[in-house]
Asks: 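Take a look at this one; I'll ask things after.
All of these numbers come straight from a predicted model, not from anything done at the bench. We count ligands from 1, going down the list as the structure has it; atoms in each ligand are counted the same way.
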Amino acid sequence: MNHPASAQLQRPPEERAVVHPEVDRAFIGRLVREFYGRVRRDARLGPIFAAEIAGSWEPHLEKMTDFWCSVILKDGSYSGRPVPAHTKLEQVREADFDVWLGHFRASAEEFCPEGVAETFIDRAERIAKSLRLAMFFRLERASGAER
Ligand code: HEM
């Protein structure tokens, strides 16, 4: 029972690595580049990223490849702090997350092998939800709804 494969199966689905012959770092790097290509062309998100990423995009794309390898392959490539990276972005509005997720969904559906897009989308939605809460949750607004 201590075999790594059975240890994997005992974990909740979101903690399990995706094991698929086509889904490796090279694949994730291509998906990340496709997705950020769309983000950069987006009229709303493009300028937000352009303001933050002044120089070369390559370090950001490599960092995002590390991030997605950690999320999907569970290989520990990424060790950063996504929350402060986003709470400092004053231009971002809550609705921008829907736009971001729309591009992510389209890229994953177009690029992923059969049965894999759902996992990428599910992870993106979960993480987006926590980032969104970290950026926009206000207690007075939440309790205000009850009054
Ligand atoms: C409206 C939605 C979003 C906007 C406008 C946005 C924008 C940005 C920007 C401008 C950066 C800084 C780039 C850099 O300095 O490298 C960044 C970093 C990052 N973003 Fe987002 N983001 C959004 C949503 C998300 C979501 C949903 C995820 C995850 C599923 C995500 C994951 C990350 C990560 C991991 C970093 C790197 C943080 C670090 O370690 O420095 N972002 N984002």
Side-chain angles (χ1 to χ4, degrees), residues 4 7-145:
Q8 273 267 18
L9 285 172
Q10 289 164 24
R11 298 201 176 106
E14 65 275 14
E15 289 174 20
R16 277 181 222 152
V18 169
V19 180
H20 187 289
E22 285 172 48
V23 181
D24 55 9
R25 185 176 175 94
F27 168 79
I28 291 178
R30 290 195 297 274
L31 178 63
V32 161
R33 281 160 177 80
E34 163 65 26
F35 168 66
Y36 283 99
R38 290 180 194 233
V39 163
R40 292 174 78 176
R41 292 191 295 274
D42 183 272
R44 170 77 200 149
L45 298 183
I48 296 177
F49 278 87
E52 288 300 311
I53 301 173
S56 163
W57 263 77
E58 211 31 51
H60 177 70
L61 295 172
E62 275 305 298
K63 181 161 56 174
M64 297 314 299
T65 303
D66 287 343
F67 173 74
W68 281 105
C69 286
S70 288
V71 170
I72 295 294
L73 308 176
K74 309 290 178 197
D75 68 354
S77 301
Y78 174 79
S79 58
R81 297 174 65 218
V83 170
H86 293 88
T87 47
K88 68 170 191 198
L89 301 175
E90 291 177 356
Q91 294 183 58
V92 179
R93 299 186 208 129
E94 239 182 307
D96 294 337
F97 276 89
D98 298 328
V99 179
W100 191 104
L101 284 168
H103 290 305
F104 192 86
R105 227 173 262 129
S107 309
E109 279 165 2
E110 196 175 303
F111 260 68
C112 289
E114 186 76 25
V116 173
E118 295 72 13
T119 306
F120 275 89
I121 294 166
D122 173 73
R123 302 295 188 274
E125 284 174 348
R126 285 167 190 267
I127 300 162
K129 197 171 169 188
S130 13
L131 286 178
R132 203 166 171 160
L133 279 172
M135 292 170 82
F136 301 106
F137 180 77
R138 296 284 176 273
L139 195 56
E140 63 272 22
R141 224 172 72 183
S143 58

Asks: Please confirm whether Trp100 and Phe35 have ring centers closer than 6.0 angstrom.
Replies: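 Centroid separation for Trp100 and Phe35: below 6.0 Å.
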
Asks: With respect to atom 32 (C) of ligand 1, which of Arg93, Glu125, Met64 exhibits the smallest heavy-atom separation?
Replies: Met64

Asks: Hey, which atoms in ligand 1 end up nearer than 4.0 Å to a heavy atom of Val92?
Replies: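 The atoms of ligand 1 under 4.0 Å from a heavy atom of Val92 are 1 (C), 5 (C).
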
Asks: Taking atom 38 (C) of ligand 1 as the point of reference, which of Phe67, Phe104, Tyr78 owns the nearest heavy atom?
Replies: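 Shortest heavy-atom distance from atom 38 (C) of ligand 1: Tyr78.
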
Asks: For a distance under 2.8 Å, give residue and atom name for each protein N, O or S atom next to atom 21 (Fe) of ligand 1.
Replies: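 As for protein N, O or S atoms lying under 2.8 Å from atom 21 (Fe) of ligand 1, they are His86 NE2.
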
Asks: Are Arg33 and Glu62 ion-paired here, with the side-chain N under 4.0 Å from a carboxylate O?
Replies: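 The answer is yes: the pair qualifies as a salt bridge.
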
Asks: Return yes if some donor-acceptor pair links the side-chain N/O of Arg11 with the main-chain N/O of Arg16 below 3.5 Å, else return no.
Replies: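 The answer is no, because no donor-acceptor pair under 3.5 Å joins these two groups.
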
Asks: Are the charged groups of Arg38 and Asp42 less than 4.0 angstrom apart, N to O?
Replies: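 No, no charged N to carboxylate O under 4.0 Å.
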
Asks: Determine whether Asp98 and Arg132 satisfy the following criterion, salt bridge (Lys or Arg N to Asp or Glu O under 4.0 Å), listing intermediate values before the conclusion.
Replies: CA-CA 10 Å; Asp98 298 328; Arg132 203 166 171 160; 3.3 Å; yes

Asks: May I ask you to check whether His60 and Tyr36 place their ring centres under 6.0 Å from each other?
Replies: yes

Asks: Taking 4.0 angstrom as the limit, do Glu125 and Arg105 come out as a salt bridge?
Replies: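 Result for this pair is yes, salt bridge flagged.
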
Asks: If you measure from atom 13 (C) of ligand 1 to every heavy atom of Lys63, His60, Glu52, His103, which option wins on shortest distance?
Replies: His60

Asks: Do Ile121 and Glu109 make a side-chain contact, defined as non-hydrogen atoms from C-beta onward lying under 4.5 Å apart?
Replies: yes

Asks: Under 4.0 Å from any heavy atom of Ala128, which atoms of ligand 1 are there?
Replies: 27 (C)

Asks: Take the angle between the ring planes of Phe120 and Phe104 and call it parallel below 30°, perpendicular above 60°, tilted in between.
Replies: tilted

Asks: Side chain, backbone, both or neither: which part of Leu101 has a heavy atom under 4.0 Å from ligand 1?
Replies: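 For Leu101, no heavy atom sits under 4.0 Å from ligand 1.
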
Asks: Among Asp96, Ile53, Ile127, Val71, which one has a heavy atom closest to atom 1 (C) of ligand 1?
Replies: Asp96

Asks: Counting only N and O atoms by type, is there a donor-acceptor contact under 3.5 Å from the side chain of Ser70 to the main-chain atoms of Ser77?
Replies: yes

Asks: Just need the protein heavy atom nearest to atom 6 (C) of ligand 1, so name the residue and atom and give the distance.
Replies: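 Nearest protein contact, heavy atoms only, for atom 6 (C) of ligand 1 is Phe49 CZ, 3.4 Å.
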
